[in-house]
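Structure first, then comments.
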Amino acid sequence: MTPQPGKRDLFTTRFGAIATTVGSAVGLGNIWRFPYEAGTNGGGAFMLCYIVFIFLLGVPVICAEFTLGRSSRSNYFGAMRHHSRSRFWPLAGYIGILASLMILSFYSVVAGWTVEYTVQSATGALDFSDTGSYHDHFDTFVTGNWRPAMWTLIFLALNFGILMRGVSKGIERFSNILMPVLFLLLIVFCINSLTMDGAREGLTFLFRPDFAALTPATMLSALGQAFFSLSLGLGCMLTYSSYFSTGTRLGRSALTTAMLDTVVALLAGVIIFPAVFTYGMSPSAGPTLVFEVLPSIFHHLPGGVVWSTFFFFLLFLASLTSTISMSEISIAFFTEQLKIRRKSAVILNTAIAAVFGTLCALSFGCLDDLRLFGMTIFNLFDYTTSNIMLPFGGMIISLFVGWRLKRSVLVEEMTCYGTTPFRVMGLLIFLLRWVCPLGIALIFLNSIGII
Ligand code: PFF
């Protein structure tokens, strides 16, 4: 049976559906988070785990989210309810909503940094001849309290403006044009980095696994990064796929999204690490890494100011396509489950993120001493969402689709209601039933020292 979209606002083209999904996946996770996580977790060993987790655990979970979203035409919570009478499964929806609001809060801070750097590049304030100055400059900005907080709020206001305009009009137009431009720019910078003196050292760091660095903590970080980067485990892909038309091929879309997302992360790594070794910086600088290395790269390019302005601007737009997607998770829940009007739901979503986003922004400055479990608020939100909540959500989704959902629903969705072949159904079911839940559980248990 083909589900009836009813009054839901569907993506108008199939390309739009893919571009928007990729737009959600590609963002600061690839260009800011991937290099800093790879840098602090030993490079090659992290990279190896990351790639294995993307394809072995990530792709099946995307298929599962797509199946739930399109078959129910509903949000995470509604989808679980649609397919099960049990009270237990929909609870996972609450974790997804909480995670989406927490991510929106700290993500907006980093997106705010991209706005600051766009403005600074354009005004020529971001151009120093010695590399150390980029570190000091970023440090002064980020510890300065009011500017980071102001940009976080301005960014959230822009996000709010776009959300008010609805799904297809607001998002589709943006993603279709700008993602390919960002991609081209990354390729240009990648070629530039490959000609640097430290290229060999950088690539060795990123691609040659040092198995001594393959610790349980590295594996957990790689798992978290894979889920974060694919916007997975919190119902984001599920919510987006509820707007897919019935002809969108789910398996192919899942694989395309995973591949493009991985390529962008790899490009970012190939841009950053040769430069890190060329300019004698430390790969393990943490969340500030990219904001210190990229301006140094641009400084050495002819017309660096223009590249820099353009790049940070595109990075800001890539962040917007991701924050819009994560906002839609709670907005869909507020409107469809709590029956709140869309306008009020958007206001609620923005208000929550504004409060917690400000706290995250200040956690590099006046709230630096406020530690919970030894982490600042920013780090706590970043760590717990990526490394715990998203993989846990992924485990629940794979268990639900693997064991609880009627097989016929999975078959219908993956074959577009019997109109296209899907040859790896047996493999997908095996991965969802066994490999994803057990793999994630083992990585969790391993990281807390139980195995
Ligand atoms: N995948 C996005 C990125 O890599 O930047 C981040 C993200 C978007 C996470 C949407 C979660 C989400 F729901």
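In listed order, ligands and their atoms are each counted from 1. Basis for what follows: all heavy atoms, side chains included, without hydrogens, waters or symmetry-related copies.
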Proximal ligand 1 atoms for [X], defined as those under 4.0 Å from one of its heavy atoms:
| X | answer |
| --- | --- |
| Ile329 | 13 (F) |
| Gly29 | 3 (C), 4 (O), 5 (O) |
| Asn30 | 4 (O) |
| Cys236 | 10 (C), 13 (F) |
| Ser325 | 10 (C) |

Problem set entry | Between CH2 on residue Trp89 and CD1 on residue Ile397, distance to nearest 0.5 Å |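 Interatomic distance, Trp89 CH2 to Ile397 CD1, rounded to 0.5 Å: 10.5 Å.
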
Please tell me if the side chains of [X] and [Y] come closer than 4.5 Å, counting only heavy atoms from C-beta onward.
| X | Y | value |
| --- | --- | --- |
| Trp113 | Phe312 | no |
| Asn159 | Leu104 | yes |
| Leu238 | Thr67 | no |

What's the shortest distance from [atom] to any protein heavy atom, and which residue and atom give it?
| atom | value |
| --- | --- |
| atom 11 (C) of ligand 1 | Ser231 CA, 3.7 Å |
| atom 9 (C) of ligand 1 | Phe228 O, 3.5 Å |
| atom 5 (O) of ligand 1 | Tyr107 OH, 2.4 Å |
| atom 4 (O) of ligand 1 | Ala25 O, 2.8 Å |

For this session: Examine Tyr76 together with Tyr94 and report whether their ring centres are nearer than 6.0 Å.
Result: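 Judged by ring-centre distance (under 6.0 Å), Tyr76 and Tyr94 do not meet the cut-off.
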
Exercise. If we only count N/O pairs under 3.5 Å, is Val26 in contact with ligand 1?
Worked result: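 Not met; the criterion fails.
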
Exercise. Do any nitrogen or oxygen atoms of Ser229 lie less than 3.5 angstrom from nitrogen or oxygen atoms of ligand 1?
Worked result: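 Min N/O separation from ligand 1 is below 3.5 Å for Ser229.
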
For this session: Work out which heavy atom in Pro391 is nearest to a heavy atom in Gly224; give both atom names and the distance.
Result: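 Nearest heavy atoms, Pro391 then Gly224: CG-CA, 4.4 Å.
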
All N/O donor-acceptor pairs, side-chain side in residues 347-359, below 3.5 Å, sequence neighbours left out:
from, atom 1, to, atom 2, distance (Å)
Asn349, OD1, Ser330, OG, 2.9
Thr350, OG1, Val346, O, 2.8
Thr358, OG1, Ala354, O, 2.6

For this session: Determine, using heavy atoms of Ser100 and all atoms of ligand 1, whether some pair is separated by less than 4.0 Å.
Result: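 Judged by the 4.0 Å heavy-atom criterion, Ser100 does not count as contacting ligand 1.
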
Exercise. Can we say Glu328 and Arg342 salt-bridge, meaning some charged N sits less than 4.0 Å from an Asp/Glu carboxylate O?
Worked result: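 Yes, Glu328 and Arg342 are salt-bridged.
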
Exercise. Counting heavy atoms only, which part of Leu234 comes closer than 4.0 Å to ligand 1: side chain, backbone, both or neither?
Worked result: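 It is the side chain that touches ligand 1; the backbone stays farther off.
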
Problem set entry | Of all pairs that satisfy salt bridge (charged side-chain N to carboxylate O under 4.0 Å, His left out), the ones with a partner from residues 34-63, not counting sequence neighbours |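 Sorted pair list: Arg33-Glu37.
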
